[in-house]
Undergrad: 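Structure in structure tokens, see below.
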Amino acid sequence: MTRAPQHFDVLIVGAGLSGIGAGWHLQKLCPGKSYVILEQRERIGGTWDLFRYPGIRSDSDMLTMGYSFRPWTLPKSISPGDDIRDYIAGTARDKGIDRNIRFRHQIQRASWSTPDAKWTVEAVRKSPDGSSEPVTLTCNFLFSCAGYYRYSSGYLPEFPNVNRFQGQMIHPQLWPTDLDYAGKRVVVIGSGATAVTLIPAMAKTVAHITMLQRSPTYMISAPARDRIANSLRRVLPAMWAYKLSRWKNLAFLTLFYQLSQRFPKFIKKVLLKRVREQLGPDYDVETHFTPRYNPWAQRLCLVPDADMFEAINSGQASVVTDQIETFTEKGILLKSGKELEADIIVTATGLVMQMLGGIELSVDGQQVDPGKALAYKGVMLSGVPNLASVFGYVNASWTLKADLICNYVCRLLNIMERKGMRQVTPTPNGESAVAPFVERFSSGYVQRAIPNWPKQGQKAPWRVYQNYFRDTFALKWTAIDDGALEFSNPQAEVRSQKSGVRTAVISS
Ligand SMILES: Cc1cc2nc3c(=O)[nH]c(=O)nc-3n(C[C@H](O)[C@H](O)[C@H](O)COP(=O)(O)OP(=O)(O)OC[C@H]3O[C@@H](n4cnc5c(N)ncnc54)[C@H](O)[C@@H]3O)c2cc1C
């Protein structure tokens, strides 16, 4: 006899920052709901457990990247990765969320059945000995907290004659823990947050480290320790101090972003002036630190305590702005004719963006193509019932939006409970796709993937905001039942159809 799969009210994908936050919100706001978290890896932490390259740290402040419900109390607000991992794991432990996690479960497929009003979720459970077995669970609501990129490997462009290189090549996403780089010549390809993080960390012991970039990125230095937040913590209860510091940073970041959108030339001037002050009058800021795009058309690179600029000033690190002609046995030959010799080449070339942790979705036997759907409030997909996913901000801390989405999902579940409705489906009613999921953002990893991501419509609730204040209104303070969500009760309908009475699908 085959046993029915184990059933949960909510199934959360992923035990990273968002998945643990989702568990906390469910326990607090929907205490009657059962939930499980399936995590493909062996540990809690997601990004903050996966990435192990030297110096790994946040590139936004932990006062806005921490959870709204748990104060960040460490002195460094630009925080080392280990501390972020401990913060996430500590939250899971203290609240008993960890008891609901099933590790080594990689979800591959989820199929929605309208007559049953539930998802059937198929996963593969991998044992430490390498063997694996299929696992099937069912749930009423699927909540994807699977992050936004492929875990198995990062993005690697096709470099000419890469196999000729005799040294070691490393991608930061798969950093070998035993890599010995002391006294070595290192070239880092890329100029994003990863390059800017690992270069100052490695510069302390390498012979020399070169950042090779095709084009520059905006950088801004800031103290790793937030003096105001640390002072407030000395005189106020931790939560009060956290909330005040969080609002201070939120207000500053929002103002800075808005000014960048309205007065890009002015903000560009301010940013470049600061870089010149850090690197001195003789440094060629024009070539190496003056991007071709406007501020915030890509994520701004944060340089804590000016460490990247100090590494350059010390002579241990340098920047080369050029293009790769070919790899050679000794390193990289550039279009300019210059050759960069290296023992180690680090390809800080980015991520491969991935929707919903690579899970294949189907609704009543029909495969779902997220690229053809509209995003509802940036949280749900048009035509797909009982599914929500977390995608944070590109211009601010991820967790700000993750918290709002978790809160929203709990409100939605509670409304469904009150209405006695088992199914909720975002229904566009004539709204059509007019914009990509992320707009006015030119970073390569976004541009490569965005055609496969859901689209935005003309107006709310089919818009995806990159603005915490607008989202607070849209996700926290606006009525759930807004006319774009179709609530229904499939089982009740089937029953009443059988008895000759058709129950109306409730949509407001
Ligand atoms: C190097 C790096 C630095 C970053 N720095 C910042 C920063 O400073 N500030 C900021 O706001 N954001 C930053 N980000 C974005 C970052 O991803 C978020 O801060 C945050 O970690 C996202 O949390 P998450 O839980 O949503 O996703 P993740 O951390 O990616 O966690 C997702 C989890 O889901 C699991 N999972 C995925 N697919 C499946 C599946 N099919 N089945 C089962 N489990 C699955 C994964 O194993 C993982 O544990 C950074 C990203 C990177 C890569």
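Keep in mind that this is a model prediction, so the values were computed, not measured. Counting starts at 1 for both ligands and their atoms, in listed order. The figures here come from the full heavy-atom set of this structure, side chains too, leaving out hydrogens, waters and symmetry mates.
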Undergrad: Which of the listed options, Ser144, Ala146, Gly147, holds the heavy atom that is closest to atom 37 (C) of ligand 1?
TA: Ala146

Undergrad: Among the heavy atoms of Cys145, does any lie under 4.0 Å from an atom of ligand 1?
TA: yes

Undergrad: Is the number of heavy atoms from other residues, nucleotides or ligands within 6.0 Å of NZ (Lys95) greater than 12?
TA: no

Undergrad: Any sub-3.5 Å donor-acceptor pair from Lys401's side-chain atoms to Ser397's backbone N or O?
TA: no

Undergrad: Assess Thr194 for proximity to ligand 1: is some non-hydrogen atom of it under 4.0 Å away?
TA: no

Undergrad: Number the atoms of ligand 1 from 1 as they appear, then name those within less than 4.0 Å of a heavy atom of Gly14, with their elements.
TA: 33 (C), 34 (O), 35 (C)

Undergrad: Ignoring hydrogens and angles, tell me if any N or O in the side chain of Asn386 forms a donor-acceptor pair with the backbone of Asn140 under 3.5 Å.
TA: yes

Undergrad: Considering the heavy atoms of Ser397, write down every atom of ligand 1 situated less than 4.0 Å from one of them.
TA: 11 (O)

Undergrad: Hey, which atoms in ligand 1 end up nearer than 4.0 Å to a heavy atom of His105?
TA: 42 (N), 43 (C)

Undergrad: Kindly check if the number of other-residue, nucleotide or ligand heavy atoms within 6.0 Å of CG (Leu174) is above 12?
TA: yes

Undergrad: In the protein, which heavy atom is nearest to atom 51 (C) of ligand 1, and how far is it?
TA: Tyr148 OH, 3.5 Å

Undergrad: Judged on heavy-atom distance to atom 16 (C) of ligand 1, which of Thr47, Ile101, Val13, Leu17 sits nearest?
TA: Thr47

Undergrad: If we only count N/O pairs under 3.5 Å, is Glu39 in contact with ligand 1?
TA: yes

Undergrad: Before giving the answer on side chain to side chain contact (heavy atoms under 4.5 Å, CB included), spell out for Asn230 and Arg225 the whole-Å C-alpha distance, their side-chain angles and the decisive distance to 0.1 Å.
TA: CA-CA 8 Å; Asn230 290 346; Arg225 288 163 199 263; 3.9 Å; yes

Undergrad: Closest non-hydrogen protein atom to atom 3 (C) of ligand 1, residue and atom name please, with distance?
TA: Trp48 CH2, 3.7 Å

Undergrad: For atom 24 (P) of ligand 1, state which one of Gly81, Ser18, Gly16 supplies the nearest heavy atom.
TA: Ser18

Undergrad: Which residue owns the protein heavy atom closest to atom 44 (N) of ligand 1, what's the atom, and how far is it?
TA: Gln40 N, 3.1 Å

Undergrad: Tell me if a side-chain donor or acceptor on Gln40 pairs with a main-chain N or O of Arg104 at a distance below 3.5 Å.
TA: no

Undergrad: Look only at the side chain of Tyr35 and the backbone of Gln27, and say whether a donor-acceptor pair between them is shorter than 3.5 Å.
TA: no

Undergrad: Using a 3.5 Å cut-off on N or O atoms only, is Ile107 in polar contact with ligand 1?
TA: yes

Undergrad: Does Phe51 approach ligand 1 within less than 4.0 angstrom via side chain, backbone, both or neither, non-hydrogen atoms only?
TA: side chain

Undergrad: As a check for students: among Tyr151, Tyr149, Tyr393, Phe103, identify the option with a heavy atom nearest to atom 30 (O) of ligand 1.
TA: Tyr151

Undergrad: Just by modelled atom types, is the Gly371 backbone N or O under 3.5 Å from a matching donor or acceptor in the Lys455 side chain?
TA: yes

Undergrad: Here's a test for you: under ring-ring contact (aromatic ring centres under 6.0 Å, His included), which of Trp72, Tyr87, Trp24 qualifies with Tyr67?
TA: Tyr87

Undergrad: What atoms in ligand 1 come closer than 4.0 Å to a heavy atom of Leu38?
TA: 43 (C), 44 (N)

Undergrad: Checking Arg233 now: which residues fulfil salt bridge (charged side-chain N to carboxylate O under 4.0 Å, His left out) with it, not counting sequence neighbours?
TA: none

Undergrad: Any N/O of Arg57 closer than 3.5 Å to an N/O of ligand 1?
TA: no

Undergrad: Tell me, yes or no, whether the heavy-atom count around Lys268 atom NZ, taken from other residues, nucleotides or ligands under 6.0 Å, exceeds 12.
TA: yes

Undergrad: How close does the nearest protein non-hydrogen atom get to atom 9 (N) of ligand 1, and which residue and atom is it?
TA: Ser60 OG, 2.7 Å

Undergrad: Output yes when the distance from some N or O of ligand 1 to some N or O of Gly357 is under 3.5 Å, and no in every other case.
TA: yes

Undergrad: Which of the numbered atoms in ligand 1 are under 4.0 angstrom from any heavy atom belonging to Arg299?
TA: 9 (N), 10 (C), 11 (O)

Undergrad: Closer than 4.0 angstrom, basic N to acidic O: yes or no for Asp49 and Arg52?
TA: yes

Undergrad: Show me which atoms of ligand 1 lie under 4.0 Å from any heavy atom of Asp59.
TA: 5 (N), 6 (C), 7 (C), 8 (O), 9 (N)

Undergrad: Hey, which atoms in ligand 1 end up nearer than 4.0 Å to a heavy atom of Ser58?
TA: 8 (O)

Undergrad: Any idea which atoms of ligand 1 are less than 4.0 Å away from a heavy-atom of Tyr53?
TA: 1 (C)

Undergrad: Show your working on side-chain hydrogen bond (donor to acceptor under 3.5 Å, both in side chains) between Ser144 and Ser389 and close with a plain yes or no.
TA: CA-CA 4 Å; Ser144 173; Ser389 74; 5.3 Å; no

Undergrad: Starting from atom 11 (O) of ligand 1, find the nearest protein heavy-atom neighbour and note its residue, name and distance.
TA: Trp398 N, 2.7 Å

Undergrad: Walk me through it: do Asp403 and Ser68 pass the test side-chain hydrogen bond (donor to acceptor under 3.5 Å, both in side chains)?
TA: CA-CA 7 Å; Asp403 266 343; Ser68 56; 3.0 Å; yes

